[in-house]
*Asks:* 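One structure, as structure tokens, below. Some questions next.
Below, chains carry the letters A, B, ... as their sequence lines are ordered, and counting in each starts from 1.
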Amino acid sequence: MIKAVKGFRDILPQEIPLWRRVEEEARNLFEAFGYSELRIPVLEKTELFKRSLGDTSDIVEKEMYTFQDKGGDSVTMRPEATASMARAYLEHALYHSDPVGKYFFFGPMFRHERPQAGRLRQFHQLDVEAFGYLSPSLDAEVICLLDTLYRRLNIRDLTTLEINSLGCRECRPRFREALLEFLDGVKEALCPDCQRRRERNPLRVLDCKEKSCQEVLQDAPDISQHLCQDCQEYQGQTLAYLDSLGVEYTINPRLVRGLDYYTRTVFELTTTHLGAQNAVAAGGRYDDLLKQIGGKDIPSIGFAVGVERTVMLLEKRRDLPQGTPFHCYLALLGGEATKEGFNLAQKLREKGIRLEMNHQPKSLKAQLRRADKIKAPLVIILGEEELAKGTLIVRNMAKGEQEERPLEDLEGLVGYIKKEVES
RNA sequence: GUGAGUGUAGCUCAGCUGGUUAGAGCACCGGACUGUGGCUCCGGGGGUCAGGGGUUCAAAUCCCCUCACUCACCCCA
């Protein structure tokens, strides 16, 4: 049997209500905060991701779905949305019509990783980007948006918000130097992974999970001590805005993000409820990215929400939303009644009744059993007897009562069904 | 890419140190109740025991290989 590709999965009907809950809550909230939906393509030129994520990042080095299209171009299925959003923003010169561009996106991302709990090769992100302003109140607003989303979803208490500043193009390199110097002195004591990180992305050594590394790092330089005056003030103001809103967060000077393009404010929403994958949403400021991919020098900030992981948190709650219920089930007995019922079903559906009908010659018992299974509150019974009399039976399943009504009175029937379903 | 674990019905699993027709619960279909659901009782369909090879009189069970899935490392949402 042909099965789905590894790391790619179906989202079955019973899971859909939770997905819709997340999507709808997010859309409403994003729009309330002034963001417009912008839909980006699945495929981009490979170059876009190489330039934005950095050549040495794991995503670019080994996780991208990259191939040659028929024209010979190297193209890549997007592993994240920010680069594409920035590209679209620049390509359409949206900065001409408005100094600040606030956009959101929802869709699948692709990374060729080994799947495990909370990690798939095709996964979904909700993505929020604000292009144009370098302003602490904007940073605080973006973080507050994320905080509000999880409070609305009633899972904020399952998460922790961590914030840090990575510095700007002035002070970040200086910190990097200081860190490299320190790591050079202790390199023997580092785990093999950190030996490698030291070469490729030294900041990443800071959040190594290895206990021995964390001990060695006790005396590592602290980024907050290396921030320039501007960055320090910027972070101070951002945090002050968050404090004034009462957003709960912790400052984590060891928080570094995996992607190269981040500057200044970075943040992560993590959880301990999802196995080894603890990041639920994450983002930060990327003031140099737009220039890096060949555009104008426009400061920006954004974040991405892992939808599967968020849905998994929602599943921790017992108040799961149900799917859309039916109004009624149409049970039919006999060939003539089936023909008549087929037309009746369409008439009722045109009137807005959510109706499922029987399609196979089955006993009334079997049809009622199915009506019960799909939780239809009402069953319309139309058999040869009713047809002969020009009537039909409407049965209220919860009450176990039923009444006979004239077949011709469609308006009356619709009104009756709606009234019964309400009660 | 590395490591570990697990593969028996649609789902969750039992099947002891090899022993005859491979089981249960749930789900599905039907009957008891010829046209009235849920509860109960009874019955039914559904399995190349992941695949291949080996050991043996005999393999779901032991050995080897392959594949798949899961978890973890790595990385990240």
*Asks:* Phe49(A) ring centre to Arg78(A) NZ or CZ under 6.0 Å, with the angle to the axis within 45°?
*Replies:*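 No, a cation-pi geometry is absent between Arg78(A) and Phe49(A).
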*Asks:* Indicate whether OP1 or OP2 belonging to C76(B) is found under 4.0 Å from a side-chain N or O atom of Arg204(A).
*Replies:*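 Checking Arg204(A) against C76(B): at least one side-chain N or O falls below 4.0 Å of OP1 or OP2.
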*Asks:* Ignoring hydrogens and geometry beyond distance, is the side chain of Gln402(A) in donor-acceptor contact with the base of U36(B) at under 3.5 Å?
*Replies:*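 Indeed there is one.
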*Asks:* Dot-bracket for RNA chain B, please. Rules: Watson-Crick or G-U, both distances under 3.5 Å, ( ) within the strand, [ ] when a pair crosses earlier ones, | for another strand, . otherwise.
*Replies:* (((((((..((((.....[...)))).(((((.......))))).....(((((..]....))))))))))))....
*Asks:* Tell me whether Thr263(A) contacts the main-chain N or O of Asp287(A) through its side chain, where contact means a donor paired with an acceptor under 3.5 Å.
*Replies:*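 Pair found, side chain donor or acceptor close to backbone of Asp287(A).
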*Asks:* Classify the ring geometry between Phe131(A) and Tyr103(A) as parallel (under 30°), tilted (30 to 60°) or perpendicular (over 60°).
*Replies:*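 Phe131(A) vs Tyr103(A) ring planes: tilted.
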*Asks:* Can you measure Ile155(A) atom CD1 to A77(B) atom P for me and round it to whole angstrom units?
*Replies:*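 Ile155(A) atom CD1 is separated from A77(B) atom P by 17 Å.
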*Asks:* What's the gap between A9(B) and U48(B) when it is taken at their C1' atoms, as a whole Å value?
*Replies:*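 Taking atom C1' in both A9(B) and U48(B), they lie 13 Å apart.
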*Asks:* Using the P atoms only, state how far G45(B) lies from A22(B), rounded to an integer number of Å.
*Replies:*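 14 Å, rounded to whole Å.
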*Asks:* Would you mind building the protein contact string for nucleotides 3-11 of chain B? One character per nucleotide, 5' to 3', B for base within reach (heavy atoms under 4.0 Å), S for sugar-phosphate only, - for untouched.
*Replies:* B--------
*Asks:* Nearest whole Å is fine: how far is C75(B) C1' from Arg197(A) CZ?
*Replies:*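 So the two atoms are 9 Å apart, to the nearest Å.
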*Asks:* N/O contacts under 3.5 Å, protein versus nucleotides 25-31 of chain B?
*Replies:*
| from | atom 1 | to | atom 2 | distance (Å) |
| --- | --- | --- | --- | --- |
| C28(B) | OP1 | Lys373(A) | NZ | 2.7 |

*Asks:* Between G18(B) and C33(B), how far is it from one C1' atom to the other, in whole Å?
*Replies:*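 So the two C1' atoms sit 49 Å from each other.
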*Asks:* Heavy atoms only, 4.0 Å cut-off, all strands: where does Gly275(A) land among base, sugar-phosphate and nothing?
*Replies:*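 Since only primed, P, OP1 and OP2 atoms lie under 4.0 Å of Gly275(A), the category is sugar-phosphate.
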*Asks:* Gly341(A) and Leu330(A): which non-hydrogen atoms are nearest, and at how many Å?
*Replies:*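 Distance-wise, the nearest heavy atoms are O-CD2, 3.3 Å.
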*Asks:* Just to be sure I understand the rule, does Glu80(A) reach a base, reach only the sugar-phosphate, or reach nothing, if contact means heavy atoms closer than 4.0 Å?
*Replies:*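 It contacts nothing in the nucleic acid.
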*Asks:* Between G1(B) atom P and Arg111(A) atom CZ, what is the distance in whole Å?
*Replies:*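 It is 18 Å, rounded to the nearest whole Å.
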*Asks:* Could you label the plane-to-plane angle of the His124(A) and Trp19(A) rings as parallel, tilted or perpendicular, counting under 30° as parallel and over 60° as perpendicular?
*Replies:*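 His124(A) and Trp19(A): perpendicular rings.
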*Asks:* Quick one: Arg119(A) CZ to C76(B) P, roughly how many Å, whole number?
*Replies:*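 Whole-Å distance recorded here is 10 Å.
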*Asks:* For Leu120(A), which contact category applies under a 4.0 Å heavy-atom criterion: base, sugar-phosphate, or nothing?
*Replies:*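 Base contact - Leu120(A) has a heavy atom under 4.0 Å of at least one base atom.
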*Asks:* Using the side-chain heavy atoms of Lys6(A), tell me which of these nucleotides is nearest: C69(B), G35(B), C73(B).
*Replies:*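 The answer is C69(B), which lies nearest to the side chain.
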*Asks:* Have a look at Leu255(A) and tell me which of Thr250(A), Thr270(A), Asn164(A) forms a side chain to side chain contact (heavy atoms under 4.5 Å, CB included) with it.
*Replies:*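 Of the listed options, the one satisfying the test is Asn164(A).
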*Asks:* Does a side chain donor of either Thr159(A) or Thr271(A) reach within less than 3.5 Å of an acceptor in the other side chain?
*Replies:*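 Absent: no donor and acceptor within the cut-off.
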*Asks:* Find the distance Ile2(A):CD1 to C67(B):C1' and express it as a whole number of Å.
*Replies:*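 Between C1' of C67(B) and CD1 of Ile2(A): 16 Å.
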*Asks:* Is Glu268(A) touching bases, backbone alone, or none of the nucleic acid, heavy atoms closer than 4.0 Å?
*Replies:*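 Touches nothing.
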*Asks:* Phe105(A) ring centre to Arg39(A) NZ or CZ under 6.0 Å, with the angle to the axis within 45°?
*Replies:*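 Ring-cation test returns no.
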*Asks:* If you pin Lys399(A) and Gln125(A) to their nearest nucleotides in RNA chain B, which one's is more 5'?
*Replies:*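 It is Lys399(A) whose nearest nucleotide is closer to the 5' end.
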*Asks:* Hey, does Glu308(A) reach any base, or is it just sugar-phosphate, or nothing, if we go heavy atoms under 4.0 Å?
*Replies:*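 Counting heavy atoms under 4.0 Å across all strands, no contact is made by Glu308(A).
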*Asks:* Any donor-acceptor pair under 3.5 Å between the side chain of Asp372(A) and the base of G38(B)?
*Replies:*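 Check fails, no donor-acceptor contact within cut-off.
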*Asks:* Write down the distance between CZ (Phe8(A)) and C1' (C69(B)), rounded to a whole number of angstrom.
*Replies:*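 Rounding to the nearest Å, CZ of Phe8(A) and C1' of C69(B) are 17 Å apart.
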*Asks:* Looking at the side chain of Gln116(A), which of C75(B), A77(B), A72(B) is the nearest nucleotide?
*Replies:*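 Nearest nucleotide to the side chain: A72(B).
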*Asks:* Can you name the closest pair of heavy atoms from Leu242(A) and Ala140(A) and give their distance?
*Replies:*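 Taking Leu242(A) first and Ala140(A) second, the nearest heavy atoms are CD2-O, 3.6 Å.
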*Asks:* If I pick the C1' atom on A77(B) and the same atom on A4(B), what distance separates them, to the nearest angstrom?
*Replies:*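 Approximately 25 Å lies between the C1' atom of A4(B) and that of A77(B).
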*Asks:* Please report the distance, rounded to the nearest Å, between CD in Glu404(A) and C1' in G35(B).
*Replies:*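 In whole Å, G35(B) C1' lies 13 Å from Glu404(A) CD.
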*Asks:* Of all the heavy-atom pairs spanning Lys362(A) and Gln367(A), show the shortest one and how long it is.
*Replies:*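 Scanning both residues, the minimum pair turns out to be O-NE2, 3.0 Å.
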*Asks:* Considering every strand and a 4.0 Å limit on heavy-atom distances, what is the contact class for Ala371(A): base, sugar-phosphate, or nothing?
*Replies:*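 Contact class for Ala371(A): none.
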*Asks:* Pick the P atom in C26(B) and in U40(B), then give their distance to the nearest Å.
*Replies:*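 Straight-line distance between the two P atoms is 9 Å.
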*Asks:* Of His112(A) and Leu364(A), whose closest RNA chain B nucleotide lies nearer the 5' terminus?
*Replies:*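 By nearest-heavy-atom nucleotide position, the 5'-most residue is His112(A).
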*Asks:* Take the protein atom CG of Leu333(A) and the nucleotide atom C1' of G37(B), then report the distance between them rounded to whole Å.
*Replies:*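 Whole-Å distance recorded here is 14 Å.
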*Asks:* Would you check if Leu38(A) and Met85(A) make a side-chain contact, meaning some heavy-atom pair closer than 4.5 Å?
*Replies:*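 In contact.
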*Asks:* Suppose we call two aromatic rings close when their centres sit under 6.0 Å apart. Are Tyr261(A) and Tyr286(A) close by that rule?
*Replies:*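 Here the rings of Tyr286(A) and Tyr261(A) have centres that are less than 6.0 Å from each other.
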*Asks:* Any side-chain heavy atom of Thr338(A) sitting closer than 4.5 Å to one from Leu332(A)?
*Replies:*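 Contact flag for Thr338(A)/Leu332(A) side chains = yes.
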*Asks:* Considering only heavy atoms from C-beta outward, does the side chain of Met397(A) approach that of Pro377(A) to under 4.5 Å?
*Replies:*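 Side chain of Met397(A) against side chain of Pro377(A), heavy atoms only: no contact under 4.5 Å found.
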*Asks:* Given Glu129(A) and Thr82(A), is the side chain to side chain contact (heavy atoms under 4.5 Å, CB included) satisfied, shown in steps?
*Replies:* CA-CA 7 Å; Glu129(A) 311 291 351; Thr82(A) 300; 2.7 Å; yes
*Asks:* Please determine, for the side chain of Ile381(A), which listed nucleotide (A72(B), C76(B), U36(B)) has the closest atom?
*Replies:*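 Nucleotide nearest to Ile381(A)'s side chain: U36(B).
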*Asks:* Determine the Euclidean distance between corresponding C1' atoms of C73(B) and C65(B); express it in Å to zero decimal places.
*Replies:*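 About 26 Å, rounded to a whole number of Å.
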*Asks:* Among G37(B), U36(B), C76(B), which nucleotide sits nearest the side chain of Gln277(A)?
*Replies:*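 So the side chain of Gln277(A) is nearest to C76(B).
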*Asks:* Using atom P of each nucleotide, how far apart are C76(B) and U66(B) to the nearest Å?
*Replies:*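 Each nucleotide's P atom is 32 Å from the other's.
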*Asks:* G15(B) and G7(B): how far apart are their P atoms, nearest whole angstrom?
*Replies:*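 About 11 Å, rounded to a whole number of Å.
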*Asks:* Once you apply a heavy-atom cut-off of 4.0 Å, does Leu126(A) come out as touching a base, just sugar-phosphate, or nothing?
*Replies:*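 Result for Leu126(A) = nothing.
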